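None of the values given here were measured: they were computed from a predicted structure.
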Amino acid sequence: MAGVKLKNVYKKYESAHGGVMAVNDFNLDIEDKEFLILVGPSGCGKTTTLRMIAGLEEITAGEVYIGDKLINDVQPKDRDIAMVFQNYALYPHMTVFDNMAFGLKLRKTPKHEIKKKVYEAARILEIEHLLDRKPKALSGGQRQRVALGRAIVREPKVFLMDEPLSNLDAKLRVQMRVEITRLHQKLKTTIIYVTHDQTEAMTMGTRIVVMKDGFIQQVDSPQVLYEKPVNVFVGGFMGSPPMNFVKTTVKKDGKGVSLNFGEVEGSALKNRAQAVEAKAIKPSAIYLPAERGAKLEELGYVDKEVIMGIRPENIEDEPHYQEQYPDAVVEGIVDVKEALGAESYLYVKISDVDFTARVDPSNKFKPDDEVLLVFDPTRVHVFDGKTEKILPV
């Protein structure tokens, strides 16, 4: 097995209009036996990065190493990697056994060794009973297992997986997530896995690389990415439902430093007082704990615009939170309620802004009900209004 290193890697697609930079100054050390996830929206450069590691895309600039070996000019077949694709890429005229054995036959591996490796991989993936079937007789999940088996028998240094679960239905995706995680624990191999699904990323990876527009935004463990996003993009991308965001103004008064929102720009109403009286808006203020407020003041943000972010689970509807944080209580109107059994989500309009709150499923709220919600001021994220980077408060 081996680690993978990318140093100052760029990928530019040339065109008549000057070209597009798909991957921009990508630097990353992937440790041996690590399960690394590349995640981001469509077009962010994650698949291009994977294909450069595989040798299927030429690198515009930079260096890629597998172990200690520079592989920029090494042919894909000589890189000792195995790739699992989204569409399985099985040969329809071959049996499962022959599909799994194909790469070994090309390498002139002895027949008895091929048989041993194929049966061992089939046993790990629980597909021994499918070895005589052809792909058309298999379900999507079974085909994906065969594609994984074909990769396993090669015993590569690195597994590359490009959205391997995206063609499966929701229930099967959950099952295969567990299977691939279990496989990683068994094989103790390096896996680089591309997905646009942040749930897959959060549940499977030992580390996650969040990408946007060809740039790395943040690299860290799933929990750190979730709890300490470096910017608004990462905060909004990781988590389901996503983090709530609202532009706020930092104010200071006798009670402390607060984040204020509820202004309506371009309103038909003449002024703020009239808007409040007409209940078109209700100004809302979240007072921060003294230490956090002092830090924000020290950074010079009083009377400036910042972006407040808060996770749905940090917005509470329980009365005891109102007692605990009386200066972070806001009033809203329930728009939609989603009951999911173990939890419920309230989609609430507060002032002129939509928020999602995760609440106890036993609550009785209905659409158009007024509701008092508490924003946990210790869990509020504050981002710079212009750069959208997290502030150290």
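- Between F383 and H381, the ring planes are parallel. Angles under 30° get that label, and only those over 60° would be called perpendicular.
- Although no hydrogens or angles enter the test, the distance criterion places no donor-acceptor pair under 3.5 Å between the side chain of K111 and the main chain of K105.
- In terms of hydrophobic clustering, with Ile, Leu, Val, Met, Phe, Trp and Tyr side chains grouped at heavy-atom distances under 4.5 Å, M238 and I390 are assigned to different clusters.
- Between the side chain of Q142 and the main chain of S139, a donor-acceptor pair closer than 3.5 Å is present.
- When side chains are defined from C-beta on, T60 does not count as touching M21, because their heavy atoms never get closer than 4.5 Å.
- Between Y65 and K7, some side-chain heavy-atom pair lies under the 4.5 Å cut-off.
- Inter-residue side-chain proximity for M176 and L148 is flagged as met; some heavy-atom pair is nearer than 4.5 Å.
- By the rule that hydrophobic residues join a cluster once side-chain heavy atoms approach within less than 4.5 Å of another member, L160 and I66 end up as members of one cluster.
- By the rule that hydrophobic residues join a cluster once side-chain heavy atoms approach within less than 4.5 Å of another member, I310 and Y301 end up as members of one cluster.
- Put simply, the side chain of Y193 reaches to within 4.5 Å of the side chain of I180, judged on heavy atoms.
- Residues N8 and N27 form a side-chain contact, since some pair of their non-hydrogen atoms from C-beta on lies under 4.5 Å apart.
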TODO: Any chance you could lay out the side-chain contact (heavy atoms from CB on, under 4.5 Å) test for V174 and R177, step after step, and finish with the verdict?
DONE: CA-CA 5 Å; V174 174; R177 281 205 315 255; 4.0 Å; yes
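- N231 places no side-chain N or O within donor-acceptor distance of the main-chain N or O of T387, the cut-off being under 3.5 Å.
- Taking R79 as the reference, nothing meets the salt bridge (charged side-chain N to carboxylate O under 4.0 Å, His left out) condition, with sequence neighbours excluded.
- Counting only heavy atoms from C-beta outward, the side chains of Q217 and F237 never approach each other to under 4.5 Å.
- By the criterion of side-chain heavy atoms lying less than 4.5 angstrom apart, applied directly or through intervening Ile, Leu, Val, Met, Phe, Trp or Tyr residues, L90 is grouped together with L104 in one hydrophobic cluster.
- Proximity of a side-chain donor or acceptor of N99 to a complementary backbone N or O of M94 within less than 3.5 Å is detected.
- Judged by the 6.0 Å and 45° rule, K212 forms no cation-pi pair with F215.
- Considering only heavy atoms from C-beta on, K117 comes within 4.5 Å of E155 through its side chain.
- Aromatic ring orientation, F261 versus F375: tilted (interplanar angle from 30° to 60°).
- Judged purely by distance below 3.5 Å, without hydrogens or angles, the side chains of D197 and T195 never pair a donor atom with an acceptor atom.
- Across all their heavy atoms, V84 and A151 have their closest contact at CG2-CB, 3.9 Å.
- Between M83 and L56 there is a side-chain heavy-atom pair separated by less than 4.5 Å.
- Atom CD of Q198 sits about 5.5 Å away from atom OG of S240, to the nearest 0.5 Å.
- For the pair T190 (side chain) and G3 (backbone), a donor-acceptor distance under 3.5 Å is absent.
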Task: Candidate pair Q144 and N167, rule side-chain contact (heavy atoms from CB on, under 4.5 Å), full reasoning - done: CA-CA 9 Å; Q144 194 54 275; N167 287 344; over 6 Å; no
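- Under a 3.5 Å cut-off, the side chain of K389 and the backbone N or O of V230 do not form any donor-acceptor pair.
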Open item on the list: Please determine whether side chain to side chain donor-acceptor pair (under 3.5 Å) holds for the pair E57 and Y13, giving the CA-CA distance in whole Å, both sets of side-chain angles, and the decisive distance to 0.1 Å.
Closed with: CA-CA 10 Å; E57 291 281 358; Y13 291 104; 3.2 Å; yes
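- Between E313 and R379, no side-chain nitrogen of the basic residue sits less than 4.0 Å from a carboxylate oxygen of the acidic one, so the salt-bridge criterion is not met.
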TODO: Might you work through the side-chain contact (heavy atoms from CB on, under 4.5 Å) test for L36 and L28, ending with a clear yes or no?
DONE: CA-CA 11 Å; L36 184 102; L28 189 65; 3.7 Å; yes
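- The neighbour count for D360 CG, taken as heavy atoms of other residues, nucleotides or ligands under 6.0 Å away, is above 12.
- Using a 4.0 Å cut-off between charged nitrogen and carboxylate oxygen, D369 and K364 do not count as a salt-bridge pair.
- A side chain to side chain contact (heavy atoms under 4.5 Å, CB included) with V257 is found for exactly one of K251, K295, K252, R292, namely K252.
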- [ ] Check the pair L372, V374 against side-chain contact (heavy atoms from CB on, under 4.5 Å), reporting the backbone distance first and the verdict last.
- [x] CA-CA 7 Å; L372 288 177; V374 185; over 6 Å; no
Contacts table for residues 316-330: side-chain donor-acceptor under 3.5 angstrom, sequence neighbours left out:
from : atom 1 : to   : atom 2 : distance (Å)
D327 : OD1    : K255 : NZ     : 3.2

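- Distance alone, capped at 3.5 Å, is enough to place a donor-acceptor pair between the T206 side chain and the F35 backbone.
- Here the side chain of H196 pairs no donor or acceptor atom with the backbone of V39 at under 3.5 angstrom.
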